[in-house]
Amino acid sequence: MKWSQLAFVGRRVRHSLWELLWNHVLTSGTMAMSLFVFGVFILLQENLQHLLKGWGDQVQINAYLDTNVASNEAQSILERIQSLPEVEHVRHISKEQAWRDFQTALGAQSAVLEGLPVDVLPASFEIAVKVPSRSGPLVEELASRLEKIEGIAAVEYPQEWVERLSLIVLAVQWAKWVLGGILFVATFFIVGSTVRLALLARKEEIEIMQLVGASEELIQAPFVLEGMLQGTIGGGLSLLGLWLFYLFLQQHFFLAFPLFGSMIQIRFLDPHSIALLLVIGLLLGGMGSLFSLRRFLRTWRG
Amino acid sequence: MKWSQLAFVGRRVRHSLWELLWNHVLTSGTMAMSLFVFGVFILLQENLQHLLKGWGDQVQINAYLDTNVASNEAQSILERIQSLPEVEHVRHISKEQAWRDFQTALGAQSAVLEGLPVDVLPASFEIAVKVPSRSGPLVEELASRLEKIEGIAAVEYPQEWVERLSLIVLAVQWAKWVLGGILFVATFFIVGSTVRLALLARKEEIEIMQLVGASEELIQAPFVLEGMLQGTIGGGLSLLGLWLFYLFLQQHFFLAFPLFGSMIQIRFLDPHSIALLLVIGLLLGGMGSLFSLRRFLRTWRG
Amino acid sequence: MIQLFHVTKTYPSNSPALVDISLQIDRGQFVFLTGPSGAGKTTLLKLLFREEEPTEGQILFDNQNVTRLNTRGVARLRRRIGLVFQEFKLLPRLTVLENVALAAQVVGMSRKESHIKAYRLLRELGLKGKYDSKPLMLSGGEQQRVAIARALINDPMLVLADEPTGNLDPVMAEETMRVFLKMRETGTTLIVASHNLELIKRYGSRIISLRQGGLVDDLERVTGAKAS
Amino acid sequence: MIQLFHVTKTYPSNSPALVDISLQIDRGQFVFLTGPSGAGKTTLLKLLFREEEPTEGQILFDNQNVTRLNTRGVARLRRRIGLVFQEFKLLPRLTVLENVALAAQVVGMSRKESHIKAYRLLRELGLKGKYDSKPLMLSGGEQQRVAIARALINDPMLVLADEPTGNLDPVMAEETMRVFLKMRETGTTLIVASHNLELIKRYGSRIISLRQGGLVDDLERVTGAKAS
Ligand SMILES: Nc1ncnc2c1ncn2[C@@H]1O[C@H](COP(=O)(O)OP(=O)(O)OP(=O)(O)O)[C@@H](O)[C@H]1O
Ligand SMILES: Nc1ncnc2c1ncn2[C@@H]1O[C@H](COP(=O)(O)OP(=O)(O)OP(=O)(O)O)[C@@H](O)[C@H]1O
Ligand SMILES: [Mg+2]
Ligand SMILES: [Mg+2]
């Protein structure tokens, strides 16, 4: 393509942006709409995954000590547990610590504990499990080994949680692909149709370009460029919408679930996802235009 | 309009549905998209409100009894509280009941209670407050009155919750109108633009109808009918999407927040909202067509 | 039937297309409108079917002031006028038969009746065997004749035709003129804008010449030398 | 320069529009294509610029087989041909000047250069003062001349014109013919489909007559009686 032709394409795009502003706003708006819904799912997924990661840290085993274990004995048991390959780290909870934790956990209801001796609760170890071992059977096996250690009275671990954990990871991964796929196709479809309508409104322009001997690329370039522009703007708009949605959710989620505020801390899309959304917009716009254009040019007389 | 003209309109609609199937699919799809997002907010709002109603029931005051109150004394205190105008109902929690509740609440951690006497927890009254009195100051005032009753050791109530409650009700009401309004305008705008593009592709048809002396109504009727059809179909599609979204949320919410499963029981739109969505689709389609058409006819030569 | 009083038409940002035109056309006249390109012929026709409004002056059609019509009135006016455009204006998605029948259905004729009438008109204009074609599948002259058929289907009181033979060969042009003449016998008024001097000389009972928006000549044939 | 070998064109679901046409047209000829409506004139032109492909037979343009071109080849072919259509095909959103300049810009001429050239051509065709009008603001004849200007801006080797004077008054038609003749002096070949017998008689150096898709006559003027 010559320089003068590049300039020509530039002029056509500018001209069309100006003359058909409304159409472009529409296409961008539709894309923003689609990308917004798409983005909501990314937001959901990212937050779920973040949640999961938080929960993963909580796959911990509580090992309660016999009441009569001395503190140096406890120290040697701790070291023994620490040396196990599956164990990430171990924390010793003394009787006093346990009492205070319990009081905190009960919150307003802690009044009921009044009058009880401070050492009524047993000391324990909180054992965090390494990532590769955070699955049902492995944790179970580890727990049964811990139980056999002398001085340990009982072992507890959130079995259901561990099982649920893998289930959720699986479900989210599936949902991500299935729902993502459906939405992607739907968006592409809608964008393609919008472009097709716009083409229908500009068909004389294309026809005349063909008749005066313009090359395919010269005919298609302005449309594809416009599509890419629309897509990127649509992506930007959807991000704006997502940000508002995020603010809304954040406020209302915190208000709605005040107790778990810290647990389900909602986060906005990470920079990677933001870029993804913009790139998808750009590609959807460009590809949507190109596809519609090619099919349009082929079935033209139909 | 004569009968033969009604038949004519019918033929035009059928003809257009067939010839421009793709355009109609697009418009319906876009509307479905918009209405889907709109519906998501209705879903959110309905569930939040349901949640609030559930919480309202939980505005309860716990009044702990002195340890030495006999059961017949407790009965007379209960009756006295029951007679207060703000009180909906009162439930007596005996020491044994309190013990069992506490055990259940602790779940896996209940092992720590082993060896404690069963009557370590005090008996109490759970006092549910009537709807009109469920606001911060009124509950506070009631609590201070209860505290003065002889035999009652301490009074507790979820003050923050009560305050939050009114805040959330307010926020949701605002969000409903603000977000609903924005979305409605956006949807109308997108639908209108889609229709405008479709009109652009069919402008000769309108022009020729005008030139052969067709009345305004005859020209507009097919477009408006098509718009209404598209809108209703779009509404139906959005409902389908919402149902899938609902199923998805239901599964994942339960998995994600297993402990509160019963508390935040997600519900689908009620029939009233379903009808609303369909009617909005119909109106948006019809009105969108009509508005675009009228503006199009006016600025026609521009 | 048609009266123009001091009609001037100036398009925005342009020198006037018609200047102070006054004339009267009686029922049943066959008027040719001639003049060089850009003289204002099409503009004059557009004023008559209220596609454009005059900048100044008044136009009466059947004693009705055309300049004072609302949308409903314009539609009613156009139902009594048959239009043939320089650019045909056929609907590409409808067949030829449907294109012609459309104009009749719009004013309330039943589908069947309109099809029969369109069928007859098309045959008369030499388009037998093209009923089911789409307009884009027709030659220029064939499209022009479809446009003529559409203009005539409602038995209009007035036919306005803009260059109706521009794409027709001499034989076809004669044929079309003969159809117009037949219309005239039933009392229809015909106003035809044309450059075709030969046709004008043979068929016109009145010849109005425009030049740069002004009326420069208005000849009426006195001795009826109507060709056959 | 142009050779047709046994070319037949049948549109789907139609009787053939062209039947077994063979002919040769040399560089610099001024060929008129005549025949009644529906004879196949437009179809023949469409075959030459590859808007349609022949059902049978071969077409050579400058020793290149037109029937065997890919999209890129078609674009390259059309850049050497100037086209004037029966329906003008102007872009309503561009001004007259831009419409004409577009054809030059598409093949890589700079904006300024193309505007200067378009300006000159439009003046020559009597459209001074209409440069900035939109096509819909022009009379039929004015639009036709814009279409002619667009066809000529790239100094084409071949001009295909379909009824280029159908909307022009006799004076304007003569003027246009003179522009064509000037093109011819630079070696351009001209093929003009027309019903205008007078013009054909005065300017045609070769007259090809079609009827119902068949070649019925092919006359070449021997003694150069070219009108001035
Ligand atoms: N919509 C418009 N806006 C601005 N100017 C216009 C418009 N329509 C026509 N004109 C101008 O008005 C003048 C008369 O145009 P009109 O179409 O009436 O001519 P005409 O006699 O029909 O010519 P032709 O024989 O070429 O069709 C022309 O100079 C034209 O440029
Ligand atoms: N795209 C098409 N599809 C089907 N049939 C067509 C198509 N184009 C033309 N025809 C038919 O082919 C025949 C020749 O058409 P063509 O346009 O070549 O005629 P023409 O000589 O240009 O006539 P005119 O002088 O009226 O323009 C006509 O009968 C027409 O109906
Ligand atoms: Mg005109
Ligand atoms: Mg033709």
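In what follows, chains carry the letters A, B, and so on, assigned in the order in which the sequence lines appear, proteins first and then strands, with residues in each chain numbered from 1.
Interface remark: C/L138 contributes no atoms to any contact with chain D (heavy atom separation under 4.5 Å). Only the side chain of C/K130 comes within contact range of chain D, with at least one heavy atom under 4.5 Å from a heavy atom of that chain.
Scanning all heavy atoms of the two residues, the minimum distance from C/S139 to D/S37 falls at OG-OG, 3.5 Å.
Not a single donor-acceptor pair under 3.5 Å links the side chain of C/D169 to the backbone N or O of D/H195.
Residues D/P36 and C/V171 form no side-chain contact, since every pair of their non-hydrogen atoms from C-beta on lies 4.5 Å or further apart.
Within 6.0 Å of CD in D/Q212 there are 12 or fewer heavy atoms belonging to other residues, nucleotides or ligands. Other residues, nucleotides and ligands contribute over 12 non-hydrogen atoms within 6.0 Å of the CD atom of D/Q3. More than 12 heavy atoms of other residues, nucleotides or ligands sit less than 6.0 Å from atom CD of C/Q24.
Chain D is approached within less than 4.5 Å, heavy atom to heavy atom, by C/G140, C/G141, C/E142, C/R145 from residues 140-148 of chain C, ordered by number.
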